[in-house]
Each structure stands twice: as C-alpha cells, then as structure tokens.
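Worksheet: the structure to be examined is printed underneath.
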There are 4 protein chains.
Amino acid sequence: MHQEQPPVSGDTVRLKLRRIIFGTDTKLGRYFDISLMVCIILSVALVFLDTVASIHDKYGEWIGVLEWGFTLIFTAEYLLRLYCSAHPIRYARSFYGVVDLLSVLPSYLALFFPGASFTLVIRILRLFRIFRVFKLLRYLSEGNILLRAMIQSGRKVFIFFFSVSLIVMVLSAVMYVVEGPANGFTSIPKSIYWTIVTITTVGYGDITPGTNLGQAIAALTMLLGYSIIAIPTGILTAEISQEISRHKDLRRCSNCLKTGHENDAVFCDHCGSELEKEL
Amino acid sequence: MHQEQPPVSGDTVRLKLRRIIFGTDTKLGRYFDISLMVCIILSVALVFLDTVASIHDKYGEWIGVLEWGFTLIFTAEYLLRLYCSAHPIRYARSFYGVVDLLSVLPSYLALFFPGASFTLVIRILRLFRIFRVFKLLRYLSEGNILLRAMIQSGRKVFIFFFSVSLIVMVLSAVMYVVEGPANGFTSIPKSIYWTIVTITTVGYGDITPGTNLGQAIAALTMLLGYSIIAIPTGILTAEISQEISRHKDLRRCSNCLKTGHENDAVFCDHCGSELEKEL
Amino acid sequence: MHQEQPPVSGDTVRLKLRRIIFGTDTKLGRYFDISLMVCIILSVALVFLDTVASIHDKYGEWIGVLEWGFTLIFTAEYLLRLYCSAHPIRYARSFYGVVDLLSVLPSYLALFFPGASFTLVIRILRLFRIFRVFKLLRYLSEGNILLRAMIQSGRKVFIFFFSVSLIVMVLSAVMYVVEGPANGFTSIPKSIYWTIVTITTVGYGDITPGTNLGQAIAALTMLLGYSIIAIPTGILTAEISQEISRHKDLRRCSNCLKTGHENDAVFCDHCGSELEKEL
Amino acid sequence: MHQEQPPVSGDTVRLKLRRIIFGTDTKLGRYFDISLMVCIILSVALVFLDTVASIHDKYGEWIGVLEWGFTLIFTAEYLLRLYCSAHPIRYARSFYGVVDLLSVLPSYLALFFPGASFTLVIRILRLFRIFRVFKLLRYLSEGNILLRAMIQSGRKVFIFFFSVSLIVMVLSAVMYVVEGPANGFTSIPKSIYWTIVTITTVGYGDITPGTNLGQAIAALTMLLGYSIIAIPTGILTAEISQEISRHKDLRRCSNCLKTGHENDAVFCDHCGSELEKEL
C-alpha cells in the first residue's frame, strides 16, 4: 500500500511518520507494527475475559478502564494514519481504513447507546482489527507459497465441496425418512446438521441414529467421510509440492545463475557466492 | 451426449433448441443450464424447509403452490427435451431421461395417491434431479483431473477398504465378547457400528466401552484408525500429483511444441505465443 | 506356496486338484477360490447375525443347520488339501494349514464341550479364516505397491508412534493431576484412555475435562493431535508416490525397452507393441 | 555430546566407562542404553499403575519397594555419569544432566516432605526422564528425515496455526453471542474450547449448539476444520518427499560415485560394490 504513495517534498516529519506507520522496512516501522499487534491482542483478550462471570464481577471496572485506554491508543493511531497518509480519503475508504475506524467507533457509540447485548456485539466488531496483522504475513515467502497453493487448488476444492454437498443432501433426506422425529431427526435441515457432524467425523452424539437401518446408513456415511477426507488433502498436497519446487527455482544465484537451492541455503552450492535471503 | 445427434436439415427451430437445451457451447445454452440448476436447488430447498414443523404450519400452502410451479417448469422442460432431441426414445431411455421423468412424475402421482409418508418419499426422489448438474462438471478440466485420479486409485482403495473391513469384523467380534450386552454391545452388528464409529474417529459416544480391557482395545482401535487414515490419503495424493503433472504436459504450445506450462499460464514461456485456454 | 511343490509323476488327478486348490492360474482354480471366499463370508455373516437376539430366537435352528453345512464343506476342503498337497505335513504345519484346521475344529469341539460363552469364543476363531483371502491379494500389483510403501515407511512410523506415546503419557499424567477422580480421571491408565480418545480426534465425550485448566490442556491436546495427524500421512504419501513411479519403471516394453508407461497402458507409447498386463 | 570430550591419558577405566555410558558405538554401550530405557519405562509404568485405586490397595507396598530400587539404580547411574564425564560440571549443567538429577531428587525429597498430592506431582517429574531416550533417536536416519522435514515446514505451519487461531477467535465470539450461557456457552474462553473441540473434529458433545443459527454456524465450522486439516498435511508431505529424495542422493557409491539408491539397497545397482548401511 505504501509503495503507491509518492514522496511529498517538504513536510519530512509526515514522510518519516508514513514510513514508520505504513511501512515495514525500517526498524521503527517494525517496532510500531509489533507493538500495535500486542495492543490488539491484549484488547481482544480483555473483551474475552470480561465475558467470564467471575472475572467480570471482580475486575469489571479495571477492564473498563483498560479498554478506554486501548480505545484512545487506537483513536490516536487512526488520526495519525489519516494525517500522514499521502491520500487520506483513499486510505479512509480502503479495507484497512474501514477496519481501523470500526475498531474505535463502537466504544464511542456505547457512550450514547448503553445496553448489555448491544455493547457485546460492538465489542466483537473489534476482532476484525486482528486482520490487519495479515498485512505482515504478505511479506513472508512461506505465506505466499501457502496462498498460491490454495488459489491454485481453489477450483478443484470447489468442485469437491459441491459434490460433497449433493451427497450430504441426499443422505440427510434418506436419514430423515428412515429415523424420523422420534430419534431427533425433526426436520431435513436438522438432518443436514447431523450429516455434516457425521461426515466431518466430529460426532457430537447429540443426535444419533436409533434404528438398525439408520445405524447402517450412518456407518456408510462415516466411511464415506473417512475416505473423501483424502481428496482435499491430495489436491492441496500436490499443489504445495509444486509451489515449493517452483519457489526453489526462483532463488537464482546472481553469480553463476544456478537455481534449485535448498530453502535454508545461504550460499550457492555451485560457486559459493552468497544468495539473496528472502524473495 | 449432444455430439451423437447428427444435424437434421430443415426444422431449424428444433436444431436451435437442441443446441440450447442439450449443449453448453452457446451463451443461451449456458443461461438455460444455470437457470435450470437454480430451479432444481430452489425446489429441493422448498422440500427441505417444508419438513420444519414451524415453517410448514405457517407457509405450508405457499410452498405447495411454489412446488406446483416448479413441477410445471420441469414438465415443460421434459417435453421440450423430448421434442428437440434427435432420438427422443433414446433420450427417454437414457440415464438423464429417466431422472428427468422421475423428477416430475411423483407430483402428479401424489394427486391420485394422497398420503403423508408416501408423498415424502416421492419428494425425495426429486433429489436425483441434482445429479444432472454433474453433466456440467464434465466440461471442467479440474473435474477431469479429480475423476481420473479417483479411477486410477480405485483398485488400491478397494484393497484398502477390503482389508479395513476384515479388521473391523475381527475387532467387532472381540469387543462383543469383551464388553457384552451390559455395556451396549448387544450384538455383533451393533458392535460393528461401534467399531466404524471409532475407527473413522467420529466417536458419537452413544456406545462406549465400560470395562478396562474394552477401553484398552478401544484405544488400540483408535490408534489404528488414526494411522490407517493415512493410506487412502497417500494413494489419492500420489495419483492427483501425477494427474496434475500429466495435465501440464497436455498443454502443448502450438508454435514451438513446448509442454509443461503452469496451469494458469496464458502465453508459452518459451516463444511467447498464446496457449489454448482449456483442454 | 504352490510353486515349491515339484510335480509328482503319475497320480495326475492329485496333480490337477493341486493346481485347482492351491493355484490361481487356472479358470477352475479361480472359481474354487472365489466360491471358498463366498462360503467364508457367508459363514461369518451367520455367526454375526446369530448374536442378534431377535434373529437368534426366530431362525436360531436354521442357522445351526447352515453352520454345520459350512463346517462339513470346510472339513472336506481341509482333507482335500491334505490329500493333494505335495508335502502334507509341511502344509499342516504352515500358517494357512493351522488356520484351515482352526476354522473347522471348534464346531466339532462344541459337540463335546457345550456351553454358551465357550461356543461364542470358538465361533469367533473362524474369523481367522478370512485371512486366507489375503493370499489372493498377493497377486495384485496394487496390493504390492501398498505393502512395499508400508514396509518402507515402517521405521519412520514406529519412531512417530514412539514419540506420540511419550507425549500421551506426559499429557495423561498432567491431566490426572489437574482434573482428578472427581471429573472421571480416576487413574492414570484411565487418563491415558482419555488422551488417546482426544488425540485421535475420536472424542466420545464419556470423560470430559471439567476444570478451566483441564479444558485449556485438552484444547492443546486436540490441536496437537490435529497437527501430528499430518506426519504419518506425509510419510506414507511420500513412499506411495515413490512406489508408483518405481512400478511405472518396471513395465518395460519387450520390443524397444522403454519404461515409464502409464498404469493402464496396454501398448508401448513409443513403438506400439503390446505390453505385459500384470507384473 | 561424547565427541566433545577429549581422551584423558591414563585412567582407562574412566575412559571405557565413558564410551559405554555416553556412547552408543560399542556393544556394551548399546546394552547399557537399552537396559536403562527398560528401567525408565518400568518405573514410569509403576507410577501409573499405583494411581489405580484397586492396585494401590493390594500392591501399594510392593510398588513402594520397587520404586526405591529404581531410585537407587538411577542414583548410581547419575553418580557414574558425573565420575566418568570429561567435564562433570558441564554435564551437570547440560539439559540431560538436569533431567537425570530431577529423576532421582524427588524420591529423596519425599522422605523429608511427606504428603499425598505433593508426592504425586514429584513422581510425574520422573516422566521427563523418558526424553533421554530421544538421544537414541538422533542416530536413526529415519528420525533425521522426520526432524528435518518438521523444521523445514516449521514457519509454514506457524503461519497456518496463527491464521487458524484468528478464525477460532472470531467464530468463538460469534457463537457466544448466538448461543449464550443457556446452551453452555457461558463465556468466550468456554466458547473457544468448544470451537477447538469442533474444528479439530474431536466433538465431545459436552457443549453442543441448541439454536438453529448456532447449528448452522457449527456446521460451517466443521466443514472449515475438515478442509483446513489438509493444509498441515500438505505442507509436511511435500517436505518429507523432498527429505526422502535428498536422503537418497546422500547414499553415494564409494566406487562409481552413483547416487539415488533405494533406501533398502545393499549393493550399488550400477557397479555392484557394497554400499554404506547407515548414514
């Protein structure tokens, strides 16, 4: 995102701040990102712990104070981002801009519209803040390999899930007729819930087949789930294998042009000159 | 299917309709297929929602009306297919012809033989209609890779399931003797149901071992299931890997004859001429 | 086994019988093996169904008659094998010889020592008969690939299971201290049972953690089980991949000596001469 | 560890003992390691069995005597190690030195501070002793392949678990709001426990969604868990594949320098000279 912003002559403080806040290539920039991440995780942990009745009764007020602290930090950060961004309006409209605003807005709204369940939903909105951390992941080549493999296998996995959902629907309808409301299969949607619980091998046991025929069909459903679990694994494994070997080919020695180096190689194993560390 | 039907001179309307209804290579043909798929999914969703007691009580009559609407659409479609097919009788006898008939027939039969459970079974028959959608999948190369990999690994997976079913039978008999009817293992078939629930790692918990020896054998069964889950995954992954690399080899550049292009490559990486988009 | 038996001059009936009963290369030999397999499966199915109380009450006598029928068939088969084997004593002492004897002996013993539970254990012994069917599998190249892959990965999987059992023991001891008898963790062996149920993702729910700390450790155990499930899959997949590509190399064209043919190839893709069908 | 210790002239008994106790390259050294491992496993098994109430009541005293026996053996071993080590202080401070001390100290401490729950925690500390066995594994090339594959895939797996934990937190917060304390989701930490139980497909069934919306979200969570289980498998499989083929390349024939031999090959398949057995 920061590459798109051309350097503005003069106003060097703004320029420096921009590199720190939006960039990840300076030491201060990385400290900023890491301390922000810690703040996000701590503020989310606070929201989570506040839902535990015993903790809320004891430390409820302290948690409230700390939360306002985090709200002020995030507000300051949002205003700083608006100030030092080259295109403030473009930033405010971008995905991360909206996420940043959503993470502070709720706390202020809660001042005007107090109410237990409403505040709760608002607090959870802050969770979206965590997704900013993904920005960091983009710079890791490992994340790229995973992401590319997932995109490559996307169409195959879609066809797989489409086929599975057809099978789930047929099995759910059959189980609804065989078992009926007496054994907990009160409707076909409920029966679909049971089929997914079974085919994914979760198996809560809140709804279980009671008739002999139902148990036989359930056993077939399990064996089906057990064997089709192999398909997405197979697809993804094949794609990740390809991505890893392609990644190897991308690390080309600048001296002798040899490719195919190990992932953890520091020197070219042909001529001994140093390799680039990260792609 | 449509390739087998030779063009009949004259009767251009019938010819055009045939391309739209049976083919997928025209824009209208694809619209027809997609809108048909939407109708099938909606009609199936209606059948599913109608089994929820609260929805049936409130909107039961509206659902009945909508279902008759879908029945009429599917009837019109069936008659159109019969009319524009080059070999109407061959179509009527084909797999899809029978499925198409079965999806409309039940609603008419329900007029003459009214009855709750009977209508229910009939409605579920319409589910088979969904399988027509698979026809579309045949044209996706991703589907072909999966299908070929599955056929290739078919014999290996059969041997695997044969061996597993032997182990399941031995374990079931042993658990029946060890645990007995007192702990829910009332018969060997019931014990087989338990073994499948356990070996597939579903684990409902409706039948659980109560004796120490039984729990030890159960633990072994789980570890067995946990490790043999690797076998079908391994078989399929190896075959999918081969299919993907074979698929790559099939994309041959028409200019320089180079193969081995990436799945998402648009141009040949050797001579720069455009590649065919789909196999 | 049959290859070791040298042809005995004269006594051609015995020689022919041997080829049929021990061999699988004649048409009659294959029919014999298949009908024997059907008999074994039917007799085992009878034993299983007889344990269902309602079926035993209704058809118990018929099942008894049928079982004696199967016992007589298996006895005749055992005597035939003894008669036509080149080395009767060596056969009688071999693994399959003992299994064949064990499958008929119990029924005769039951005549002299009648008793419910005793007969039951005896009947289950017949299950071992099924393992003869594995003899057939040895002739399938697919079975060989799987078997070789499993032997190759044997040592790696052993190290894996050794490490897992260490982790299971540590976790079990910790959970026993944290949860204690009040939550069903009455002893460390019981705690090991729980850990295996959890780490294999079976999750019966007959013993579940009740304390907050216990639930946190349980969550870690699950995530551990979820991620280490990848290890045996990875080992076996890598080995199966190697076996499949080695299998390809073994199909050498007898005309042009080219290897690397597809598994389902009938003709050499280089010179067009026919390939051997099975390894 | 033993390579770092230079030979001390004179004192040949100490030198010999060092080779036996620290080394694994002599026959006696291997016997020593194996008998030590058996002692560790037996002593841990005793601690485990002692927690079973019925066994403790019957054989409690005998177990106490045996445990003192093992404590004395381990004490003697620790003193021997201190005596024959080239750098006794360095050994005492090393990881294995501390583990060795921790395995004997508790029993002596229990003499001065008797008490049920305290002794229990102490006894479990001995479990750490088992980790010494891992030292042996380092010498197995199979263990190296697994270890290297795991280290190679470490960063990818970390990114995977980081992403999964974000998804788990969002899903937990949503389920807490949707289901609420009435259905067992008493707090978000409890809700996280449920999400992990579900996403890892363990599925105890101690907390299950009760509302329709909750069951729909639960079904999505399961399908998510079912499909993302493929990712660590894919990563590890790809890395193990690479490690196995690299391992093959390392077995170089000392005569003709050919690499790429099968794992179980004894002779070079090119020139017929014997290969090294282990790396």
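These values consider heavy atoms only, across backbone and side chains, with no hydrogens, waters or symmetry-generated copies. Numbered from 1 within each chain, the chains take letters A, B, ... in sequence-line order.
Applying the 6.0 Å contact sphere to CZ of C:Phe161 captures more than 12 heavy atoms from other residues, nucleotides or ligands.
Partners of D:Ser191 under the side chain to side chain donor-acceptor pair (under 3.5 Å) rule, at least two apart in sequence or in another chain, do not exist in this structure. In terms of the side chain to side chain donor-acceptor pair (under 3.5 Å) criterion, residue partners of C:Tyr193 (sequence neighbours excluded) are, by chain and number, C:Asp206.
Interatomic distance, D:Leu236 CG to C:Thr237 OG1, rounded to the nearest 0.5 Å: 10.0 Å. The CD atom of C:Gln215 sits 10.5 Å away from atom CD1 of D:Ile196, with the distance rounded to the nearest 0.5 Å. Rounding to the nearest 0.5 Å gives a distance of 11.0 Å between CG of C:Leu224 and OG1 of D:Thr200. To the nearest 0.5 angstrom, D:Ile55 atom CD1 is 8.0 Å from C:Ser187 atom OG.
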May I have the step-by-step check of side chain to side chain contact (heavy atoms under 4.5 Å, CB included) for D:Ile199 and C:Tyr226, ending in yes or no? CA-CA 9 Å; D:Ile199 217 165; C:Tyr226 187 72; 5.5 Å; no

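A 4.5 Å side-chain heavy-atom check between C:Pro189 and D:Val52 finds at least one atom pair inside the cut-off. Inter-residue side-chain proximity for D:Thr201 and C:Met222 is flagged as unmet; no heavy-atom pair is nearer than 4.5 Å.
Both the backbone and the side chain of C:Thr198 come within less than 4.5 Å of a heavy atom of chain D. Only the side chain of C:Ile192 comes within less than 4.5 Å of a heavy atom of chain D; its backbone N, CA, C and O stay farther away.
Ranked by heavy-atom pairs under 4.5 Å with chain D, the list C:Ser172, C:Gly180, C:Pro209, C:Ala216 is led by C:Pro209. For the set C:Thr208, C:Ile207, C:Val197, the count of heavy-atom pairs under 4.5 angstrom toward chain D peaks at C:Thr208.
Listed here is the closest heavy atom pair of D:Ile240 and C:Ala238: CG2-CB, 4.0 Å.
When atom types are taken as modelled, the side chain of D:Thr51 and the backbone of C:Ile188 share a donor-acceptor pair closer than 3.5 angstrom.
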